[in-house]
Amino acid sequence: ESNAYYVPDQHSIEVCYELSAQERSSFSGAGDSGDSLDTAVYQSMVATLYHEVGHALIGELELKTTGREEDVADQMAAYILTSDDESKDYLLTTADSYALAGSRIEALDDSAFADAHSLDAQRSVNFLCYVYGSDETTFQYLVDDGALNSDRAEGCAGEYTQMSEAWEALLAQYVRG
Ligand SMILES: [Zn+2]
């Protein structure tokens, strides 16, 4: 199955090879090849792993959150992958992945709006917003080239600070060293 899961009963995370195959197909279809294709698949899979780590931390540590857990898990991935400059490429790649997935959907039906996950296009923009919010100067091009809506962008630094400070607070009592 092309998916990944946190499995509470087993205290484990499962990431299916079929998911990386689907990502490869998606990026390949968008024109990536060779090393850049390998890199895109790798980066998006790492981001997926951190999304599942978000579910696992919520489950294992019984963290209290508000907001939908799928959004909070995406925020965990964004929190980890904005911790250094190199990792931000992973989030940009992941934003591309969700944008591609969103662009393949011809019509949104009720099940898409009822889904526990935000829409693919929204998840894509949220990741861009966090990357931009983490460093508006370096990532100004995301706004300039239209990838990130300029109205949304105005609030991204605040969104990023709120999200990253919340995860810091949630994990503070568990962090060692
Ligand atoms: Zn999830």
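In each ligand, atom 1 is the first atom listed, and ligand 1 is the first ligand listed.
No other N/O/S atom of Glu70 lies as close to the Zn ion (ligand 1) as OE1 does. Its N, O or S atom nearest to the Zn ion (ligand 1) is what matters here, and for His51 that atom is NE2.
Not a single N, O or S atom of Asp74, from either the backbone or the side chain, sits less than 2.8 Å from the Zn ion (ligand 1). In summary, His117 places no N/O/S atom under 2.8 Å from the Zn ion (ligand 1), failing the contact criterion.
Salt-bridge annotation for Arg104 and Asp120: absent, with no side-chain N of the basic residue lying under 4.0 Å from a carboxylate O of the acidic one.
Rounding to the nearest 0.5 angstrom, the gap separating the NE2 atom in His55 from the CD atom in Glu60 is 13.0 Å.
A side chain to side chain donor-acceptor pair (under 3.5 Å) with Tyr130 is found for one member of Glu159, Gln75, Lys88 and no other, namely Gln75.
Under the side chain to side chain donor-acceptor pair (under 3.5 Å) criterion, Thr138 pairs with Asp135, not counting sequence neighbours.
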